[in-house]
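Keep in mind the model is a prediction, meaning the values are calculated, not measured. For the numbers below, each heavy atom of this structure counts, side chains included, while hydrogens, waters and symmetry mates do not. Positions are given from 1 along the sequence.
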Amino acid sequence: DGSIILDMSLMNHILEVDAENFTATVEPGVILEDFQKYVESLGFFYPPDPGEKRASIGGNISTNAGGMRAVKYGVTKDYVMGLEIVLADGTIIQTGSKNRKDTTGLDIKDAVIGSEGTLAVITKCLLKLIGKPEKSTSVLLCFESLKAGIEAVPVIFKANLNPTALEFIESKVVKLGESFLNLEWPDKESDAYLLLTFDGSAEEIDNNINRLRKTIVNDVQKIILLEDSVLSQNVWKIRGCLVKAVEAVSEQEPLDIVVPISKVDSFVNYVNSLECESGMQMISFGHAGD
């Protein structure tokens, strides 16, 4: 009641890719997945990677979408260099530019990013691109408990291993994902997992994975290197579908819960104790890095 919905799906054109300045100008209805495939075909990379790959760029900006690669690359706002916006009275404002630095006045675009449509309508987006990484490799760390997995997160950060993605997942939600997609998870024995990705040069990735092995050798039950592309894709498909897999077997109101990294373990322990007290099933998964 009292809401207005604007369908921007026909404003779905990639207007420019500026190879010299590493920018792209797009309309807000461009689909994230389509945009990423297009710029990667040109040798560029647009890092924001929220769970919903078919979301629009305008929607990502309006919610300041984060996602799995936020650990290394940051969130959507870190890749918005400028916006064309329309205010409620019809005034059109151009904010930002292709300059990497702005020394003139308030940055209006930063107020609009994440405002969820309450301040202006986004009609054009100027986005920052980076060079496409040479290679990407994922690693699955298997733990006897989610507590052990969560406790390994600050250890990984302290070792400065610089993962691209870092996700924590309980085994009981993995089973929902397997059933939902009819795919198989590569481990059946552990209670919890950390799923990491490293990207960059082959030498850099190998070095970081070797350092990872040495860093957590005493805590992890098993380390599975997902070098097979099909296996890696299947594991990430299961991770990507978990929200939908949970929705398929329950009634819920989805909500992102955000706590400091140092409090993730405490929060998960609280959720597990609440499950025991209430008899209501509760499952834990999410971004361990942001």
Side-chain angles (χ1 to χ4, degrees), residues 3-88 91-100 102 107-133 136 164-165 197 199 236-237 239-241 243-244 254 256 287 290:
S3 299
I4 297 172
I5 296 174
L6 298 180
D7 181 355
M8 311 294 283
S9 59
L10 295 182
M11 296 185 72
N12 61 353
H13 302 94
I14 298 173
L15 303 174
E16 179 195 52
V17 173
D18 184 338
E20 292 184 337
N21 288 305
F22 281 67
T23 66
T25 304
V26 306
E27 292 179 331
V30 169
I31 300 302
L32 172 66
E33 185 177 55
D34 298 338
F35 176 65
Q36 288 177 323
K37 287 179 181 178
Y38 179 72
V39 297
E40 286 181 30
S41 73
L42 301 176
F44 295 105
F45 189 50
Y46 181 71
D49 187 39
E52 183 49 72
K53 313 305 181 192
R54 298 300 298 173
S56 67
I57 296 291
N60 288 169
I61 293 172
S62 295
T63 57
N64 190 24
M68 300 178 193
R69 291 197 285 243
V71 191
K72 180 175 181 179
Y73 291 111
V75 296
T76 297
K77 70 177 181 181
D78 299 307
Y79 295 89
V80 180
M81 298 182 67
L83 295 172
E84 178 185 85
I85 57 177
V86 181
L87 304 184
T91 302
I92 300 173
I93 294 178
Q94 307 285 345
T95 173
S97 71
K98 292 183 180 180
N99 299 327
R100 292 297 170 112
D102 187 350
D107 200 337
I108 297 172
K109 69 176 173 59
D110 280 357
V112 174
I113 297 168
S115 65
E116 301 192 356
T118 59
L119 301 181
V121 178
I122 299 169
T123 52
K124 203 174 290 183
C125 319
L126 177 63
L127 306 175
K128 178 171 73 174
L129 306 176
I130 63 175
K132 184 180 177 181
S136 177
T164 310
T197 296
D199 68 11
W236 278 107
K237 282 179 182 177
R239 168 58 190 95
C241 84
V243 171
K244 290 185 172 68
D256 281 347
H287 309 316
D290 70 328

Asks: If you draw a 6.0 Å radius around NZ in K244, do more than 12 non-hydrogen atoms from other residues or ligands fall strictly inside?
Replies: no
Asks: For the residue pair D34 and R54, what are the closest heavy atoms and their distance?
Replies: OD1-NH1, 3.0 Å
Asks: Ring of Y79, cation from K128 - is the NZ or CZ under 6.0 Å from the centre and inside 45° of the axis?
Replies: yes
Asks: If you round to the nearest 0.5 Å, how far is CD of E52 from CD of E33?
Replies: 9.0 Å
Asks: Does S62 use its side chain to pair, donor to acceptor, with the backbone of G59 at less than 3.5 Å?
Replies: no
Asks: With heavy-atom distances below 4.5 Å as the criterion, would you say the side chains of W236 and T197 are in contact?
Replies: yes
Asks: Taking all non-hydrogen atoms of both residues into account, name the closest pair between L83 and C125 and its distance.
Replies: CD2-CA, 4.1 Å
Asks: Under a 3.5 Å distance rule, please check whether T25 uses its side chain to pair with a backbone N or O of L15 as donor and acceptor.
Replies: no
Asks: At their closest point, which heavy atom of A65 faces which heavy atom of T76, and how far apart are they?
Replies: O-OG1, 2.7 Å
Asks: Mark yes or no for whether T123, through its side chain, and E84, through its backbone, hold a donor-acceptor pair below 3.5 Å.
Replies: yes
Asks: I'd like to know whether D49 forms a side-chain contact (heavy atoms from CB on, under 4.5 Å) with Y73, so could you lay out the CA-CA distance, the side-chain angles of the two residues, the decisive distance to 0.1 Å, and finally the verdict.
Replies: CA-CA 10 Å; D49 187 39; Y73 291 111; over 6 Å; no
Asks: Where do I57 and L32 land on the side-chain contact (heavy atoms from CB on, under 4.5 Å) test, with the steps shown first?
Replies: CA-CA 6 Å; I57 296 291; L32 172 66; 4.0 Å; yes
Asks: Taking the side chain from Q94 and the backbone from G82, do they hold a donor-acceptor pair closer than 3.5 Å?
Replies: no
Asks: What's the spacing between L126 CG and M81 CE if we round to 0.5 Å?
Replies: 5.5 Å
Asks: Rounded to the nearest 0.5 Å, what separation is found between the CE atom of M8 and the CD atom of E27?
Replies: 8.5 Å
Asks: Hey, could you give me the CD1/NZ distance between I85 and K124, rounded to the nearest 0.5 Å?
Replies: 13.0 Å
Asks: Please report the interatomic distance CD1(I14) to CG(L127), rounded to the nearest 0.5 Å.
Replies: 10.0 Å
Asks: Please round to the nearest 0.5 Å and tell me the distance separating atom CD1 of I31 and atom NZ of K53.
Replies: 13.5 Å
Asks: Do the charged groups of D199 and R69 touch, with an N to O distance under 4.0 Å?
Replies: no
Asks: Measure across F45 and G131 and return the closest heavy-atom pair with its distance rounded to 0.1 Å.
Replies: CB-O, 3.6 Å
